[in-house]
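The structure appears right after this line, and notes come after that.
Every value quoted in this text rests on a predicted model; they were computed, and no experiment measured them. So you know, we letter chains A, B, ... as the sequences are listed, proteins then strands, and number each from 1.
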Amino acid sequence: MVITSVDVIQSIIDGILYGSIYALIGVGFTLIFGAMQKLNMAYAASSIAGAYCGLGISAVLSLNLLVTFFLGPLVGGLIGILVYLVCFRFIPSREHLGSLMASIGALFLIDEIIVHETDGSPLNFPELGIFSEAYFLVGEFGFRGDLIFVLIVSLLAMTSIILMLYRTKYGLAARAVSQQMNAAILCGINPHKVNASTFFLAGVLGGLAGCLAAAAVGVISPLLILPLTIKGLIATVIGGLGSIKGAIIAGLLLGGFESLFLLVRGVNERDIYVFLLLFLFLVFKPNGMFGSIIDRD
Amino acid sequence: MTVLSIKNVSKRFGGVLAVDDLDLTVDKGEIVGLIGPNGSGKSTTINLICGVFPMDKGSIKLFDNDLKGLARYERSHLGIARTYQNIRLFGGLTVWQNVWIATRQNGIGSFAKKLGALFLRSQKSVEAVDELLDLFALQNKANIAAENLSFGEQRRLELARALASEPKLLLLDEPAAGMNSEEVQELRDRIFKVRDLGISVLLVEHVMELVMNVTDRINVLNFGKKIAEGKPNAIQGNALVQEAYFGS
Amino acid sequence: MEYYFGILQTLGFHVLLGYSAYILLLTGQLSLAQVGFFAIGAYASGILTVLFEWHIFPALFIGAIAAGCMAFMVGFPALRIKGLMLVIATIAFSEIVRLIFFNLRWRFEINGLEVGPDGAQGFREIRYFAANGWEIYEIVWLIWTMVAVATILLWWLDQIKAGAILRAIGSDELAAESSGINVTSVKIVAMACGGVIAGLSGGLYAHSTTYVDHNTFTVLLATFAVSYPLVGGLKSVFGTLAAVIFIQGILIEGLRFLGDYRTILFGALIILVMNFKPKGIVDENFVKGISEYLRLNKKLIK
Amino acid sequence: MRNSIISWKYFLAAYLIAVPAMSETTINIAGWGAKSGPLRSFGVNSQAIIDAAITRVNENGGVTLEDGTKAMMAVEYYDSGCNAEQGIAVARKVASETNALIGIGPTCSGVAAASFGVFQKKVDDASDTGLQMALLTDTAVRNGLAKISQWTFRNTPNEPDMYDKLFAWVAENRPEIKTIYGGTETDQGHSAGTYSKVIVQAAVRHGFEWVNGPIEGVNGTIVEGFKNVLSSSSNWLMADTNFSVQARAFKKSGADMFIVSSHPFTTCGFLKELYRQKGMPKMLVGLTSSSSAETMKGCSKQVEGMIIPTSFAPITDAAKEVAALAEANGGAADLHSAAAWENVMIIKQVIESVGITGDPANLQDERRKIRDGLEALETTEGLLGTVSRVQDEGEALKPYVFVQAQSGNWEVIHDPR
């Protein structure tokens, strides 16, 4: 097949649009990392679990399947709090590796519960109504309606989170806890409450991301968990630790590069180039795109 | 003989000029004080000497060696040792190991010898460690993890570790912070002992009781600039210094 | 009996894999590259015994060295970065290695049979042990000799200055460097040693299972490799050993009677252990308890 | 309190009475497969059907032993995940720690490739220390696996034959279809192997043209030119979620028939994208493994019209019954799991033909007898009809039908039996 410039641009468009899902997951990782300087490996798993629960509840109560998109985030938030309680709350905060390992345990646990409940078979996921049918043609280029919707949602989510962090009392408390835990405690802030709220917020975002990802693929399966975990982490890291804006841009770029290499080099070599690029990027720019320079004296 | 000479050194962090065109020397066997209000660039100066971050311009020399571009460990090998404002020990290691880590036979020895030091415990290094622990009254704590020491003991251990590398220049970053006056006395005696070993000292300190009694010469910084230099007595009477400190 | 020997084999290469992550964790670096070295060891030694009909020992040796060299080369760029960045960079490395083996097709005929790595179809017929009449206890003996040697070396490491240096870097990199330690080269050497151990483990794995394909060498296995020292605790090398027995021996094999619920319990138990023992199973108190029990505390410490 | 002691005594008495009954010979077999991880449904289905089959054998009086007495059959099912180490561990456990006469498993082709390797390669080779117990696999379907060891046998569909007949049928019945295009999951040995070595060659053999001109080296002979097949196609990986580039390539090719050779998860993901881009062809052909309930659960709308050859469909009375029993046991009968039923029946048949005492003391001899019995079989009775065994390879040639996805069900559209 001859690859034309139209194909190249189209594949980059496809990839960037799909990258908005990576971006959403990346934002969730970033939120938690920003709050606690800790990595929650169970994050993508709980996001998908939120989507599963939303789907399950709507099916059992025979609700309109679109209700899933509200239930999913809600349950995602609750799972977020649960993960906080079992993996972070009671493990001393200086034991970074302890809570990292616990969250890996939670990843396995959530994954296996999903597998156990569904026997691992993929389930049909409600598509985003009119958005999924929509396919915009601009000149020679096509844009998937549902992914444009996902992109808009992730941009909205980013804006509202930034507003929440910088304009609300919760945001003030969250930033205080993340920067000066002891001083925050002296000011009467309960850090556990603040952290739990952050996990809830990130969980809501994750549940939404899980639903949108499943809707974009059209099926939901435990197979989604590992790739989303890895891609979300990559977006977090490339964007710069703690940078919400960075995570979004990095997620989109990751999607774009993936799609481009797929078109040019084929699927067997696609990820080699993506990971090579990632490796080189980290070596030459270890603080990511928007990361503050950390680790001074 | 000049041990350390700093010439025209500047360092900028974003919009702040932390160190501005600084000149400073430390002679052999000298204890030099570096004082100034908070944020005047004292710790930055020490960090520049150790290579924690690179300077923007100027030159720093230890004897005749230009330190520019040298890694931190290379500066240590040349004979610079330091303590930290907020103590940095190897918490999980024992007191004995903390000191042992820093020991080495300076200068001498082939690659094989250096390699051997990694695997064998030479009599010489054991003696050196024991001696230092004795000097800092830590011998009875030798097998305790450093993180379980009291604050005062941690300060002493940090000093012992710094000396283990057989330095020619010792940089002390507020060693008396949080000490009572009795402990300050002890610290003063130890600094004199260090000097007696032939090691020059650059002391950054807020506790005037210590600075005035131990140093041979004092440099005063304000907003990264050196505003005064001289004997402790002279500095005490210096109007500029008083203005810097008390803003009168 | 065969079954228990089989489990001992599995425990053996997981212990080695855990050790390779342990060395690097001592310096405070969480590396998911170990599975890449494991894969290199597995493919390299498998290719040597199958395609070039080498004896097992030189093949294992070359496999381990190849993995060590790779670790050394990757260490230079990778160890400039740390923390989460290093985690991602090492995932990238492992995935590159895995995908290269995914694309590797190198087959020719030996004794009338086409053998060799065959891309996604995997690399079959690595049957050196069975084909040369090795009884399973002999294989176990070989694997556990390696494990014993590695354990003793790593235990010894904690008695000498080299071990103290690794732990010092893990505890405070800046202070270690200002105390005259060339942190970067120590980390690279640690990475290379870890690579050799992982490569050896991979060679043993390939020959014990007779078949490898790229699906074995995923991030999941890399996660297991770092899990062992983290669950076991970094206080002592025996922590990793204990964790492998706990995870592979008890949680995966020992709980078979639980049937379906075994794998669910697996994650839950890891969470539980980390909540009660955030420094790992073999932590300070454990070591103290044991050494007091053995009345060896005077000899062990210092 | 008193009551409980009395009932406890009754219990003991009952137990003592029961003991002689329990000491009667039981014929043990073992099963294993993926009951954890994303492929759990395969293990669940196999186990449900093995259980149902064993129950059926026992209801009919059990299996006849050498001395003419009857013995009950019992099965223990293990979870080996989709993990080579665990598959080997279970194989060893069954071979050395239980007195199971034969095993049924595993699920994944990768696990089979690894665990078959720890079996003895050639029987009676004293220098080969591999395991010596017969294994009759139901699910792992990748081409040619049973050749790894003379102790391993499979009762899995023969894809070269099925696809050959499928394309012959399409060529005859749908003459308007001329050109083909396709893709596969390249990281799955089964999907990619079958696609590149079997399906495309079969299509070319029956006169279909690759849409962009002939692929170099592909002349219709199995395996020939398979590398070029992969590089000419538009492929994805098993965990991929974004198929826009591939779907666009399919659509752009404009071929009459698309071949989608992958497992249910990506089959659905891919078809949904193709549907969204309005690129549906005149005809879709799928991989055997996709003709399962999972595909219907995931994307019944988009898969509509896809044709797949399969060795199982509930079209005979026996097959319908097995499907119902499987459902009652919490599983589903499909081309993979239905083979488990046949396997149990084959095992019963072999036991009765070679003569087994069931005495644990003779375990090793009787395992050998079972193996030789399996080897000697020329035909077996399958759910869809007679299955012929491929001698020396341990493989089977199973009867098959062509099914098509029609409004949420797999309907049989052609029955070549």
Could you grab the distance from atom [atom1] of [X] to atom [atom2] of [Y], nearest 0.5 Å is fine?
{"X": "A:E112", "Y": "C:T263", "atom1": "CD", "atom2": "OG1", "answer": "3.5 Å"}
{"X": "C:T223", "Y": "A:M41", "atom1": "OG1", "atom2": "CE", "answer": "6.0 Å"}
{"X": "A:T236", "Y": "C:I88", "atom1": "OG1", "atom2": "CD1", "answer": "7.5 Å"}
{"X": "A:E95", "Y": "C:D283", "atom1": "CD", "atom2": "CG", "answer": "9.5 Å"}
{"X": "C:L84", "Y": "A:Q37", "atom1": "CG", "atom2": "CD", "answer": "11.0 Å"}
{"X": "A:C87", "Y": "C:N275", "atom1": "SG", "atom2": "CG", "answer": "7.0 Å"}

By a 4.5 Å heavy-atom criterion (distance strictly below it), what part of [X] contacts chain C: side chain, backbone, both, or neither?
{"X": "A:I230", "result": "side chain"}
{"X": "A:I272", "result": "both"}
{"X": "A:L100", "result": "side chain"}
{"X": "A:L278", "result": "side chain"}
{"X": "A:L282", "result": "both"}
{"X": "A:Y273", "result": "neither"}

### Query
Quick check, are the ring centers of A:F279 and C:F93 under 6.0 angstrom apart?
no
#### Entry: Residue C:L272 versus chain A: region with a heavy atom under 4.5 Å
neither
### Message
Between C:I100 and chain A, with a heavy-atom cut-off of 4.5 Å, which part of the residue counts as in contact: side chain, backbone, both or neither?
### Response
both
### Query
If you count the non-hydrogen atoms of other residues, nucleotides and ligands that lie under 6.0 Å from CZ in A:F200, is the total more than 12?
yes
### Task
Taking all non-hydrogen atoms of both residues into account, name the closest pair between C:I81 and A:P286 and its distance.
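Closest heavy-atom pair between C:I81 and A:P286: CG2-CB, 3.0 Å.
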### Message
Minimum heavy-atom separation for A:I91 and C:P278, please, with both atom names.
### Response
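Heavy atoms only, the tightest pair is CG2-CB, 3.8 Å.
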### Query
Between A:F108 and C:F224, how do the two ring planes meet: parallel, tilted or perpendicular, split at 30° and 60°?
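Geometry flag for C:F224 against A:F108: parallel rings.
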### Task
Please determine, among C:I91, C:I270, C:V231, C:L99, the option with the most heavy-atom pairs under 4.5 Å with chain A.
C:L99
### Task
Just do the side-chain contact (heavy atoms from CB on, under 4.5 Å) check on A:V274 and C:E95 with the steps written out, would you?
CA-CA 10 Å; A:V274 172; C:E95 285 290 286; over 6 Å; no
### Query
If you count heavy-atom pairs under 4.5 Å with chain C, which of A:F90, A:F88, A:F275 comes out on top?
A:F275
### Stepwise side-chain contact (heavy atoms from CB on, under 4.5 Å) check, C:S227 with A:M101
CA-CA 7 Å; C:S227 300; A:M101 198 55 232; 3.0 Å; yes
### Task
Answer yes or no: is there a donor N or O on one side and an acceptor on the other, between the side chain of A:D271 and the main chain of C:I96, under 3.5 Å?
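Not at all, since once roles are kept as given, no pair shorter than 3.5 Å links the two residues.
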